[in-house]
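The structure presented is a predicted model; accordingly, all values stated were derived computationally and were not measured. In what follows, chains carry the letters A, B, and so on, assigned in the order in which the sequence lines appear, proteins first and then strands, with residues in each chain numbered from 1.
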There are 2 protein chains.
Amino acid sequence: MSEIVSRKVQIEGVATELFRKKGYAATSMRDLAQAVGMEAASIYSHIKNKEALLSSICFRLADAFMDAKKEMELQTMPAPLLLQKAIEAHVRVITNNLDASAVFLHEWRHLSPEPLAEFIALRKAYENYLIRIIHQGKEEGKFQFEDEKIAVLSLLSGLNWIYDWYKPEGKLSPEQVAQNLSNLLLNGLTKK
Amino acid sequence: MSEIVSRKVQIEGVATELFRKKGYAATSMRDLAQAVGMEAASIYSHIKNKEALLSSICFRLADAFMDAKKEMELQTMPAPLLLQKAIEAHVRVITNNLDASAVFLHEWRHLSPEPLAEFIALRKAYENYLIRIIHQGKEEGKFQFEDEKIAVLSLLSGLNWIYDWYKPEGKLSPEQVAQNLSNLLLNGLTKK
DNA sequence: TGTACTACCTAACGTTCGTTAGGCAAAGGA
DNA sequence: TCCTTTGCCTAACGAACGTTAGGTAGTACA
């Protein structure tokens with residue numbers, strides 16, 4: 001606890017990087033230990049086991065998304081604006097946690113049954129929140145689409161892939177990316 | 001060779017399912033053998049090693065995408081129509097190979113350096129082909145967007161996520177999904 | 001009927017895995 | 001100055017890993 005960040009936080013950070021780069025199953029505790037600069041056995045002084053690392057990463061990000069959802073649900077406004085705000089919040093979570101986002105999206109299935117079920121429930125709740133916005137837009141007469149599920153899942157996948165190409169040192173700020181994406185999703189490619 | 005499908009094809013099929021469900025690294029040769037109904041050692045009569053399975057799955061699908069690309073590039077038509085056709089072809093490849101698509105999208109990084117480099121090159125070529133279409137649309141004055149990269153990568157991610165939710169036994173045909181998605185990507189959610 | 005081949009088996013190899021036990025040296029409070 | 005705690009170490013555990021060697025039935029063809 002005497003360092004700038006605790007050893008535990010440091011281990012989780014390095015684990016996040018490795019799980020992203022190599023995948024959870026292909027990352028050994030010895031890999032992780034080496035990257036941190038200690039022996040594998042020493043890691044167990046700071047964390048319970050390997051899965052606790054994955055669980056911590058996945059649920060930290062799930063909580064971040066749920067916080068964004070909770071805050072959005074306090075506001076009432078027209079669906080197009082609501083959706084734009086929701087996209088902004090989502091993009092902000094991802095761009096602030098690029099490695100963790102990749103782990104969150106791809107490695108959650110390695111959780112054991114109990115946390116897995118909880119994780120899936122959280123994700124479902126988040127999907128439903130986006131579905132509600134899109135549904136509201138249709139009722140307001142502002143949105144049109146044929147299939148709700150396709151609309152939301154395509155939206156989500158477009159948002160979620162950001163971690164794959166977003167470079168924090170690049171020219172686009174998170175806000176610009178959010179702006180760009182919501183424009184794309186609301187108006188499509190076609191020039192008016 | 002006396003069966004309906006050769007043992008090799010069967011093994012690759014089962015491997016595709018398992019790699020999708022559990023991930024490449026978390027799928028053992030003994031898992032695979034059990035699912036096929038033989039002993040782990042026996043698999044090596046039919047395939048060189050574990051990575052050859054992954055390689056085969058990834059490149060078979062890469063080839064399918066490249067075939068679609070090649071066929072598209074023979075045609076000349078306005079960009080909006082071109083994009084719609086490209087989306088249709090892409091959706092067709094994915095819906096015809098749901099498990100393989102998931103493996104293709106998530107497990108390619110476990111390839112060893114040489115096939116990995118080839119794989120990445122193929123994917124890059126495919127991305128460029130979509131970029132050209134979108135670029136052409138802008139030059140024709142038919143498309144508008146701020147950032148080419150974001151447009152194409154969001155497009156691709158929307159298309160690629162299909163394997164996650166598409167159910168062959170569901171109510172939507174591959175053609176309907178393609179239609180639905182190209183409409184979404186061209187026109188957005190906003191009602192005109 | 002004899003022979004080559006196919007398709008699988010058992011057994012085992014060396015390696016790596018996640019994890020635990022037990023110890024030791026430095027630091028900090030009494 | 002003694003004692004407890006902290007933070008890491010070495011050593012080792014049993015299990016699982018990918019893969020190879022060698023054998024043995026059953027089949028197909030001469």
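Rounded to a whole Å, the CG atom of B:Asn49 is 11 Å from the P atom of D:dG18. Between the CE atom of A:Met38 and the P atom of D:dT6 there is a distance of 16 Å, given to the nearest Å. B:Ile11 places its CD1 atom 14 Å from the P atom of D:dT19, with the value rounded to the nearest Å. Distance, A:His110 NE2 to C:dG18 P: 12 Å, rounded to whole Å. C:dG18 atom C1' lies 15 Å from atom CG of A:Leu54, rounded to whole Å. To the nearest angstrom, C1' of C:dT19 lies 11 Å from CD1 of A:Ile47. The interatomic distance linking A:Glu39 (CD) with C:dT20 (P) rounds to 17 Å, in whole Å. Protein atom CD of B:Gln34 is 15 Å distant from nucleotide atom C1' of D:dC17, rounded to whole Å.
Regarding contacts with the backbone of D:dT6, every side-chain N or O of A:Arg7 stays at 4.0 angstrom or more from both OP1 and OP2. Distances shown here put a side-chain N or O of A:Ser42 below 4.0 Å from the OP1 or OP2 atom of D:dC9. Regarding contacts with the backbone of C:dC8, a side-chain N or O of B:His46 is found under 4.0 angstrom from either OP1 or OP2.
For B:Ser28, taking side-chain heavy atoms from C-beta onward, the closest of the listed nucleotides D:dC17, C:dC9, C:dC17 is D:dC17. Out of D:dG18, C:dG18, C:dC8, the shortest distance to the side chain of B:Met29 is found at D:dG18. For A:Arg30, the listed nucleotide lying nearest its side chain is C:dG18; candidates were D:dG18, C:dC8, C:dG18. Comparing C:dC8, D:dT19, C:dG18 against the side chain of B:Ser45 picks out C:dC8 as the nearest. Checked against C:dG18, D:dG18, C:dC9, the side chain of B:Tyr44 finds its nearest nucleotide in D:dG18.
The ring of A:Tyr163 has its center no closer than 6.0 angstrom to the ring center of A:Phe104. Ring centers of A:Tyr129 and A:His90: at least 6.0 Å apart, outside the cut-off. Aromatic rings from B:His110 and B:Phe19 are positioned such that their centres are separated by 6.0 Å or more.
Counted by atom type alone, B:Asn160 and B:Ser157 present zero donor-acceptor pairs between their side chains at under 3.5 Å.
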- [ ] Assess whether salt bridge (charged side-chain N to carboxylate O under 4.0 Å, His left out) is satisfied between A:Lys171 and B:Asp147, documenting all intermediate values.
- [x] CA-CA 11 Å; A:Lys171 61 177 161 44; B:Asp147 190 296; 3.3 Å; yes
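Mapping A:Ala26 and A:Lys48 onto DNA chain C by nearest heavy atom places A:Ala26 closer to the 5' end of the strand.
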